[in-house]
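A short write-up of the structure that comes next.
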Amino acid sequence: MNQQYQEKEFTKNLDPKLWLAVLKQAMPYKHTMLWIAGLMTFMAGLDSILPLFTKYAIDNMIIPKSFDGILLFSLLYVGVVIVGFFTVAVFIHLTGIVETGMNYDLRKRCFAKLQSMHLAYYDRTPTGWIVARLNSDISRLGDIVAWGIVDLAWGFAYIVIVSIIVFTLSWKLALIFLFLLPFIGYFSIKFQKKLLVAYRMVRKLNSRITHSFGEGIHGAKTTKTLVREEANLNEFTGLNREMYSSSVKAAVASALFMPLILMVSSLGVGLVLWLGGVATINQSITYGALVAFISYTMQLFEPISNVARLFAEMQNGQAAAERVFSLLELEPEIVSSVPWDESWSKRTMQGDIQLQNISFAYKEGQAVFTDFDLHIRSGESVALVGETGTGKTTLVNLICRFYEPQTGSIKIDGYDLREIPLKWIHSQLGYVQQVPHLFQGSILENIRYGKLDASDAEVIRAAQLMNADSFIRELPGDYSYQVGESGNLLSTGQKQLLAFARVVLANPRLLILDEATASIDTETESLVQIAMNKVLQDRTGIVVAHRLSTIRNVDRILMMYKGRIIESGSHTELMHLKGRYYKLYMNQFMQETADAELAREA
Amino acid sequence: MKSFAFVFSFAKGLKLRYTAAIVFIILAASFSFLNPLLIRFCIDTVLGGKAADMPFNLPVPSLSTIGFLRNNLWLAGLAIVVVSIFAHGFTYMRSRFSAQVAEEFARRLRNKLYDHIQKLPYAWHSKVQTGDIIQRCTSDVDTVRRFVALQFVQLGRSIFMVLLILPIMLTMNAKMTFYSTLVVPIVFVYAYVFFKQVRRRFKAQDEAEGYLTTTLEESISGIRIVKAFAREEFEINRFEKAALDYRNKCRGLVTLMAWYWASSDALCMLQIALVLIFGIRFTINGDITLGTLLAFSSYIGMLIWPVREMGRILTDMGRAQVSIGRLQEILDTPVESFDGIAHDNSHRIKGEIEFRELSFSYEGGSDILKDINLKIASGETIVILGATGSGKSTLTNLIPRLFDYSQGQILIDGIDLNSYDRQYLRKQIGIVLQEPFLYARSLQENIGIALQNVDVVKVQKAAAESALEETISEFEHGYETVIGERGITLSGGQRQRCAIARALVLNAPIIILDDALSAVDTETEETILNNLKRRKGRATTIIITHRLSSVTLADRIVVLEHGRIAQIGKHEDLINVPGVYQRIWSIQHKLEEEAG
Ligand SMILES: Nc1ncnc2c1ncn2[C@@H]1O[C@H](COP(=O)(O)OP(=O)(O)OP(=O)(O)O)[C@@H](O)[C@H]1O
Ligand SMILES: Nc1ncnc2c1ncn2[C@@H]1O[C@H](COP(=O)(O)OP(=O)(O)OP(=O)(O)O)[C@@H](O)[C@H]1O
Ligand SMILES: [Mg+2]
């Protein structure tokens with residue numbers, strides 16, 4: 001597991017600036033939220049009035065034994081119930097609107113931000129981490145903001161109104177409230193904090209367990225061939241044991257909370273019964289008031305623990321908020337100074353590429369290139385060869401502007417890459433990547449990804465050109481064959497052919513092939529080669545290949561060694577040079593020549 | 001009922017604690033019923049001075065006791081506190097026990113799932129949707145856990161409450177009991193029917209959420225393709241559509257829930273109003289006392305909300321049932337069998353492999369391999385060539401039994417493959433898959449992952465044999481370099497060599513390299529081939545390749561064509577017969593002439 005991406009501990013106090021920023025996200029809903037707050041205040045009024053009905057009934061009807069006004073009483077009570085009905089319906093509805101709306105807005109913005117991020121960000125950020133941010137963290141924020149307003153407005157209004165009522169009923173008895181409040185408040189806050197710490201632990205473990213299951217499935221084939229089952233299971237049971245003890249701890253702590261608060265409230269009820277009872281005997285308060293007092297005391301904990309929970313949630317949600325905002329505030333390191341507009345879609349790339357003084361390192365101190373220069377002329381096709389890890393893939397990634405060189409400039413058609421829209425660059429070039437990646441879906445959909453409005457016939461033509469048509473026809477359902485998760489249900493070579501067809505369909509001006517045929521057999525490859533040469537005829541091409549047979553037709557071969565170009569020229573030129581390329585080339589075929597001679601002799 | 005069987009199958013040894021939880025439910029409920037009676041007694045008898053009518057034929061306290069109490073009202077207060085302490089203490093105990101039981105249950109379930117999934121045949125893994133399975137192993141397990149921890153217990157509590165409150169109410173006043181419970185069944189039925197009806201909507205919401213997650217995952221894991229095709233806007237649109245759909249489903253549901261909570265709240269309040277209004281009448285008529293009225297009010301408050309919950313819980317149980325079904329589906333899929341011949345691990349097989357009239361098809365497809373006959377001697381090196389999709393990977397994947405074949409036979413050391421224990425067999429095979437999976441751990445751990453114990457020397461030796469040593473030494477942290485998710489921070493060739501080292505580290509008697517050198521340059525390839533050559537004879541080696549350079553290593557060459565063995569023999573034999581090999585060779589030969 002990537003340690004840095006585990007949830008951080010956040011035990012510090014609430015950060016008001018952060019929450020203001022969160023609240024700002026909810027600004028489109030400010031009217032709705034005001035309505036919610038208003039409704040909740042009203043609701044608190046209704047809730048705190050109900051015990052007064054009982055009081056009235058006792059003092060004005062039961063004790064004097066009079067039926068006077070019972071009809072009006074009943075109607076009023078039912079009236080309150082009906083008004084309550086509408087209030088509840090409307091406030092839940094509105095809260096739902098704020099919650100889901102905020103979630104949606106945040107998701108939308110985060111996803112758009114993610115799409116604008118450069119690849120280096122994805123190199124360091126696990127997919128699971130991103131998914132968790134957009135799922136649970138955002139949901140949490142929406143929940144806290146929307147329902148927080150409900151809790152806050154209701155809780156405060158209720159406490160204020162009930163305080164006023166009890167003090168007018170009997171200020172002496174109301175002192176019991178003052179005595180109880182700090183206890184309930186203290187326990188609530190303390191417990192909620194404790195609970196959240198406990199549950200945070202649980203969530204953290206939960207995300208690790210999720211990751212384990214994911215790795216278990218993605219790596220199943222490898223696990224089996226390495227016979228890692230037991231070792232994996234051991235690791236998992238260890239994790240699971242931790243999960244058990246944290247969950248039990250959290251559950252036990254939460255099991256203690258309500259009973260404890262209720263015990264404290266019952267202390268209040270006991271006191272009210274005692275002191276209130278005495279007051280009733282002394283006739284300083286009525287029976288009705290005593291009963292009302294008892295029910296107020298029983299409900300006192302509710303607003304307090306609600307508000308306490310909200311604060312605790314906020315404290316816990318702070319981590320979620322920080323993570324979501326850190327995502328929103330990410331600066332895409334690769335942007336262009338010129339925005340995309342429609343005029344760009346009419347421009348075609350000529351494919352003249354110039355790299356000057358390029359220095360680049362993925363990690364500081366591990367330079368892949370220093371002071372690297374290269375010029376590829378429009379319409380030229382060049383090949384990059386060289387030992388693994390010298391930076392061939394890195395070079396084409398720089399030309400695609402997937403990564404940004406630390407120094408130097410890259411120009412296409414004379415424009416600095418930083419001054420042309422990324423979208424234009426990417427829509428003009430076609431890049432077949434070293435690891436073919438297919439999306440879940442049909443073959444047709446996958447090829448069509450290269451040109452979204454391509455007709456079926458166009459798709460099929462691209463497949464035919466790449467010699468993929470024949471194998472596709474043999475699959476059940478041919479073009480509608482489902483390729484499975486990341487193309488699992490195809491052979492690797494087949495995936496490469498499809499990835500190639502996808503690019504060919506896009507008809508790009510600059511074609512980049514990074515070992516695009518590495519897993520394709522020689523015969524198919526030579527057919528693909530013919531197609532490729534046709535495609536490359538009038539456009540710039542960059543081909544990375546280890547099998548030297550695939551590059552004999554390019555205009556220029558660049559021999560790379562440890563991040564530098566050490567030889568450059570056509571195949572014949574390089575062979576005459578008798579340098580490294582020559583050695584490599586002879587290396588590859590010497591044995592075969594010997595074998596051929598053997599064969600001829602025989 | 002099947003659900004209960006499922007739950008019980010994981011509950012061995014937990015029954016005692018579960019029983020304890022149930023006992024505590026009963027105790028807690030019983031004690032919480034005492035308080036309203038206490039208050040009633042205080043108001044009517046102690047304060048009001050009416051003759052006490054005690055429920056359950058308890059002895060009527062004498063007048064002097066009552067007088068004493070009246071002067072020492074704090075005793076009544078104390079009684080309330082003590083009763084509460086018991087009631088809530090018991091509640092705590094039952095939550096504690098049920099939490100322990102449920103968490104232990106969940107722990108066992110998760111372990112079982114993990115273990116089971118690992119042991120399922122690879123054919124299963126290649127077909128399923130990872131997201132869906134993860135969902136089942138996390139959310140569905142959680143649903144079932146909640147069912148065990150809460151719903152089961154709450155249901156028990158609700159039922160017990162109804163059973164206990166009714167007699168208490170009846171002993172106090174029958175007519176009043178009637179009016180106090182008039183709306184209760186309606187509330188229950190209403191909740192039950194409502195949740196039954198919206199279950200479909202909940203399911204739709206879950207599905208919309210699942211789709212949203214899948215869309216997100218697909219687009220993040222394919223980000224390199226998205227960027228290369230400038231498809232950001234397309235992805236954003238797709239995601240927004242999914243997010244909007246999810247939002248709308250949530251909103252629709254919240255609105256429904258709003259009406260439901262409001263209306264069922266109103267129903268409950270109506271019941272409370274009925275108690276009050278009829279209570280007033282009966283009290284004024286003298287049928288009941290004020291204390292009784294208050295006791296009824298309290299009881300109805302205690303009863304009505306749990307009853308409403310019960311309606312929901314019953315439908316939630318339906319959800320748990322669905323979850324259990326989904327988990328059961330995984331657990332019912334038969335695992336690979338792990339019995340058969342298993343020598344202890346120090347015993348090496350000889351490594352003689354024979355295919356006899358072998359045919360193979362993936363589930364539901366046509367034959368990928370047809371009538372394969374091939375005998376590979378122990379220590380022999382075989383190179384397999386063949387067109388894309390001709391079945392090379394399929395053939396080699398059969399040897400470690402990643403897939404089971406149904407027709408023909410594969411024999412290792414003369415014994416049918418199917419009679420070997422899979423794990424034993426796999427330990428005898430070092431295989432480099434065509435698309436190897438690397439773990440997000442250090443290089444040291446990745447290479448040595450198949451070893452029982454950490455063994456730096458073996459790891460370094462394997463790295464050297466895979467021409468990886470120099471590369472690693474150039475990394476800042478050397479062997480401790482942690483590679484990104486699935487090896488993303490390595491170059492293609494580095495990833496492949498890492499996988500080769502991982503396969504060589506065990507020194508297994510059978511080595512399979514599936515297109516394992518496709519991303520390395522010819523020089524490095526040569527180094528690795530030379531290293532393999534030095535090992536020659538020590539292990540039966542199968543090399544799948546598209547490059548003829550590997551052919552130099554071969555004792556024999558096998559050419560696959562459309563799942564059949566088209567050619568077989570030494571280079572010298574094949575080069576002179578018209579066929580695939582000659583054609584491949586001439587493509588390369590032409591090159592060589594150009595070079596000359
Ligand atoms: N995303 C990355 N983060 C950090 N380092 C990287 C990353 N990608 C590649 N590297 C490192 O940069 C160097 C150059 O890698 P690159 O992929 O460009 O090599 P390559 O020439 O394409 O090799 P191959 O032929 O094996 O594909 C390697 O040492 C590699 O480990
Ligand atoms: N899991 C699978 N389920 C269904 N069909 C599959 C599965 N894996 C491969 N296939 C199909 O089986 C055939 C043979 O695939 P295999 O991977 O064995 O080819 P290969 O010879 O290794 O090709 P390559 O040279 O491209 O690696 C292909 O047509 C492929 O589409
Ligand atoms: Mg293959």
Side-chain angles (χ1 to χ4, degrees), chain A residues 57 62 65 74 77 81 85 88-89 92-93 96 100 104 107 111 115 126-127 213 217 219-220 222 225-227 229 236 240 244 247-248 251-252 255 259 262-263 266 270 273-274 277 387-389 423 426-427 431 434 437 471 488 491-494 518-522 546 549 588-589 591 599, chain B residues 73-74 77 80-81 84 88 91-92 95-96 99 103 107 110 114 118 125-126 130 134 137 220 222-223 225 228 230 232 239 243 247 250-251 254-255 258 262 266 269 273 277 280 283-284 387-389 423 426-427 431 434 437 450 485 491-493 518 520-522 546 552 575 584 587 591-592:
Chain A
I62 294 176
K65 292 193 186 303
S74 312
Y77 203 112
V81 171
F85 163 72
V88 171
I92 295 183
H93 175 74
T100 56
Y104 172 68
R107 285 207 175 101
F111 189 80
Q115 291 295 322
T127 314
F213 272 113
I217 298 168
T222 300
T225 58
L226 293 173
V227 199
E229 285 95 339
F236 183 80
N240 206 0
Y244 169 79
S247 304
V248 168
V252 168
L262 288 173
M263 282 183 203
S266 79
L273 196 65
W274 169 29
E387 113 185 320
T388 91
K423 184 175 170 187
H426 293 155
S427 60
Y431 179 12
Q434 194 168 9
H437 179 95
F471 89 77
N488 249 336
S491 88
T492 312
Q494 291 170 338
S519 295
I520 296 171
D521 65 287
T522 317
H546 288 306
S549 58
Q588 191 172 353
F589 296 107
Q591 192 62 46
Chain B
L73 255 182
W74 61 271
I80 294 244
V81 175
S84 290
H88 300 310
T91 308
Y92 165 70
S95 307
R96 198 193 155 99
E103 294 303 336
R107 190 180 75 89
R110 275 192 295 263
Y114 190 89
Q118 282 207 106
H125 292 91
S126 66
T130 314
I134 294 179
C137 294
I220 300 297
I223 190 76
I225 305 300
E232 287 92 342
F239 178 80
R247 188 199 77 175
C250 288
R251 275 200 181 159
V254 169
T255 306
M269 294 303 294
I277 292 163
I280 293 168
T283 320
I284 296 174
T388 287
Q423 294 200 326
R426 286 172 187 159
K427 281 188 190 143
I431 184 170
Q434 199 167 14
F437 178 92
E485 215 181 19
S491 86
S518 63
V520 299
D521 61 285
T522 48
H546 294 300
T552 56
I575 196 65
I584 297 175
I587 293 174
L591 273 168
E592 179 232 334

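A, B, ... follow the sequence lines: proteins, then strands. Residue 1 opens every chain.
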Rounded to the nearest 0.5 Å, how far apart are [atom1] of [X] and [atom2] of [Y]?
{"X": "Ile220(B)", "Y": "Gln115(A)", "atom1": "CD1", "atom2": "CD", "value": "6.0 Å"}
{"X": "His426(A)", "Y": "Glu232(B)", "atom1": "NE2", "atom2": "CD", "value": "7.5 Å"}
{"X": "Ser95(B)", "Y": "His88(B)", "atom1": "OG", "atom2": "NE2", "value": "12.0 Å"}

Which one wins on heavy-atom pair count under 4.5 Å against chain A: [options]?
{"options": "Ser84(B), Ala99(B), Cys250(B)", "value": "Ser84(B)"}
{"options": "Ile223(B), Val254(B), Ile284(B)", "value": "Ile284(B)"}
{"options": "Met269(B), His125(B), Arg107(B)", "value": "Arg107(B)"}

Handout entry: Tyr92(B) vs Val252(A), side-chain contact (heavy atoms from CB on, under 4.5 Å): CA-CA, chis, key distance, verdict
Key = CA-CA 8 Å; Tyr92(B) 165 70; Val252(A) 168; 3.4 Å; yes

Problem - Contacting moiety of Phe85(A), where chain B heavy atoms sit under 4.5 Å - result: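 For Phe85(A), the contact with chain B is made by backbone and side chain together.
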
Handout entry: Side chain / backbone / both / neither for Gln494(A) at chain B, heavy atoms under 4.5 Å
Key = both

Greatest number of heavy atom pairs closer than 4.5 Å to chain B - which of [options]:
{"options": "Thr225(A), Ile92(A), Asn240(A)", "result": "Asn240(A)"}
{"options": "Ala57(A), Ala220(A), Ala255(A)", "result": "Ala255(A)"}
{"options": "Val248(A), Ile520(A), Val88(A)", "result": "Ile520(A)"}

Handout entry: Polar side-chain atom of Asp521(B) near backbone of His546(A) as donor-acceptor pair, under 3.5 Å
Key = no

Exercise for the section: Identify which part of Ser491(B) has an atom lying under 4.5 Å from any heavy atom of chain A, answering side chain, backbone, both or neither. Expected result: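 Interface part for Ser491(B): side chain.
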
Practice task
Would you kindly say whether Thr522(A) and His546(B) are connected by a side-chain donor-acceptor distance under 3.5 Å?
Solution key: no

Exercise for the section: Quick one: list whatever passes salt bridge (charged side-chain N to carboxylate O under 4.0 Å, His left out) with Arg426(B), sequence neighbours left out. Expected result: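 Here the qualifying residues are Glu229(A), Glu336(B).
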
